[in-house]
**Student:** 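Here it is, the structure in full.
For the single chain, residues carry numbers from 1 onward in sequence order. Whatever order the structure lists them in is the order used to number ligands and atoms, beginning at 1.
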Amino acid sequence: MDAKRNWTSIAAPSLICFASLTLFALPARPQTGGAALFKTKCSVCHGADGKGATAVGKADKVRDLGSADVQKQSDADLSAVITNGKDKMPAYGKSLKPDQVKDLVAYIRSLAAK
Ligand code: HEC
């Protein structure tokens, strides 16, 4: 009896503690979503900084995503390229959710040359 009561008196508070940690950790995700996605899906060609200084980027003349030429396009234009692809740029409409494309566009905006 005693042993069981001891177990729950330790387990219950630590479960509550763990649950609240998880709750706090979740809201932070959307902010970094674009950056993390970009790193895993796009940096192969565009480079982690979006400058396109990769082997593929140079061969296919990928533009610096932070450059004025790219930044002057609307969010809708950039989303369309990511969703539908463009020449050698693969289409991500099937593998990414609209929210993820939005996160990526926001990340591309953060690369704008200052
Ligand atoms: C296989 C290599 C490759 C991958 C992976 C890739 N891209 Fe691209 N991307 C390209 C190429 C090549 C172009 C240039 C297309 C053109 O204009 O002819 C391009 C163009 C773009 C453009 C338009 C830029 C401009 O010049 O107007 C955007 C925005 C873009 N990519 C975003 C992304 C995002 C976001 C991802 C990840 C989800 C991604 N790309 C993954 C190769 C790639």
**Student:** Which heavy atom of the protein is the closest neighbour of atom 5 (C) of ligand 1, given with residue, atom name and distance?
**Tutor:**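 Answer for atom 5 (C) of ligand 1: Tyr92 OH, 3.2 Å.
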**Student:** Do the side chains of Leu104 and Cys42 get nearer than 4.5 Å, heavy atoms only?
**Tutor:**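 They are in side-chain contact.
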**Student:** Atoms of ligand 1 less than 4.0 Å from Lys88 heavy atoms?
**Tutor:**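 Once the distances to Lys88 are compared, the set is 12 (C).
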**Student:** Rounded at 0.5 Å granularity, tell me how far CG in Asp64 sits from CD in Gln71.
**Tutor:**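 Reported value, rounded in 0.5 Å steps: 8.5 Å.
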**Student:** Leu104: heavy atom below 4.0 Å from ligand 1, yes or no?
**Tutor:**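 Yes; Leu104 lies near enough to ligand 1 that a heavy-atom distance drops under 4.0 Å.
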**Student:** Nearest 0.5 Å, what's the CD-CD1 distance between Gln100 and Ile82?
**Tutor:**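 One gets 11.0 Å once the value is rounded to the nearest 0.5 Å.
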**Student:** Mark up the atoms of ligand 1 that fall under 4.0 Å of a heavy atom belonging to Val81, in ascending order.
**Tutor:**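 Ligand 1 atoms under the 4.0 Å threshold to Val81: 21 (C), 22 (C), 23 (C), 28 (C).
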**Student:** Distance under 4.0 Å to a non-hydrogen atom of Asp60: what atoms of ligand 1 satisfy this?
**Tutor:**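 Within the 4.0 Å cut-off of Asp60, ligand 1 contributes 12 (C).
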**Student:** Out of Arg63, Lys72, Lys86, Gln71, who gets a non-hydrogen atom closest to atom 15 (C) of ligand 1?
**Tutor:**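 The nearest heavy atom belongs to Lys86.
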**Student:** Which heavy atom in Leu111 sits nearest to a heavy atom in Asp49, and how many Å separate them?
**Tutor:**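 Where Leu111 meets Asp49 most closely, the heavy atoms are CD2-O, 3.6 Å.
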**Student:** With atoms numbered from 1 as shown, which atoms in ligand 1 lie under 4.0 angstrom from a non-hydrogen atom of Val70?
**Tutor:**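 Selected atoms, number and element: 24 (C), 25 (C), 26 (O), 27 (O).
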**Student:** Counting heavy atoms only, which part of Asp87 comes closer than 4.0 Å to ligand 1: side chain, backbone, both or neither?
**Tutor:**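 Side chain only; the backbone of Asp87 stays clear of ligand 1.
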**Student:** Using the rule side-chain contact (heavy atoms from CB on, under 4.5 Å), only one of Val81, Val62, Leu78 pairs with Val70; which is it?
**Tutor:**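 Among Val81, Val62, Leu78, the one that satisfies the side-chain contact (heavy atoms from CB on, under 4.5 Å) with Val70 is Leu78.
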**Student:** By number and element, which atoms of ligand 1 are closer than 4.0 Å to a non-hydrogen atom of Ile82?
**Tutor:**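 Per the distance check, 32 (C), 35 (C).
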**Student:** Considering distance alone, does some N or O of Gln73 sit under 3.5 Å from an N or O of ligand 1?
**Tutor:**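 The answer is yes, given that Gln73 and ligand 1 share an N or O pair closer than 3.5 Å.
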**Student:** Atom CZ of Arg63 and atom NE2 of His46: how far apart are they, to the nearest 0.5 Å?
**Tutor:**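 Taking CZ in Arg63 and NE2 in His46, the distance rounds to 11.0 Å.
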**Student:** Hey, is atom 3 (C) of ligand 1 touched by any protein heavy atom at less than 4.0 Å?
**Tutor:**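 For atom 3 (C) of ligand 1 the answer is yes, since some protein heavy atom falls inside 4.0 Å.
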**Student:** Give the residue and atom name of whichever protein heavy atom lies nearest to atom 37 (C) of ligand 1, and the separation in Å to one decimal.
**Tutor:**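 Checked against all protein heavy atoms, atom 37 (C) of ligand 1 sits closest to Cys42 SG, 1.8 Å.
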**Student:** To the nearest 0.5 Å, tell me how far Asp103 CG sits from Lys97 NZ.
**Tutor:**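 If I round to the nearest 0.5 Å, the distance is 11.0 Å.
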**Student:** Can you name the atoms of ligand 1, numbered from 1 with element, that are less than 4.0 Å from a heavy atom of Ile108?
**Tutor:**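 The list of qualifying atoms is 29 (C).
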**Student:** Using a 4.0 Å cutoff against the non-hydrogen atoms of Leu78, which atoms of ligand 1 qualify?
**Tutor:**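 The list of qualifying atoms is 29 (C).
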**Student:** Rounded to 10 degrees, what angle sits at atom 8 (Fe) of ligand 1 between Met89 SD and His46 NE2?
**Tutor:**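 Centred on atom 8 (Fe) of ligand 1, the SD/NE2 angle is 180° (to 10°).
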**Student:** Looking only at protein heavy atoms, which one is nearest to atom 11 (C) of ligand 1, and what is the separation?
**Tutor:**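 Answer for atom 11 (C) of ligand 1: Val62 CG2, 3.5 Å.
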**Student:** Testing the basics here: between Lys41 and Tyr92, what is the closest heavy-atom pair and its distance to 0.1 Å?
**Tutor:**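 Lys41 and Tyr92 have their closest heavy atoms at O-OH, 3.4 Å.
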**Student:** Going by the atom numbers of ligand 1, which of them fall below 4.0 Å from some non-hydrogen atom of Cys45?
**Tutor:**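 By the 4.0 Å cutoff, the relevant atoms are 1 (C), 2 (C), 3 (C), 4 (C), 5 (C), 42 (C), 43 (C).
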**Student:** Taking all heavy atoms of Ala91 and all of Thr83, pick out the closest pair and write down the distance.
**Tutor:**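 Taking Ala91 first and Thr83 second, the nearest heavy atoms are CB-O, 3.4 Å.
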**Student:** Compare all side-chain heavy atoms of Asp60 with those of Met89 and state whether any distance is below 4.5 angstrom.
**Tutor:**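 Not in contact.
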**Student:** Nearest 0.5 Å please: distance from the CG atom of Asp87 over to the NZ atom of Lys61.
**Tutor:**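 Between atom CG of Asp87 and atom NZ of Lys61 there are 12.5 Å.
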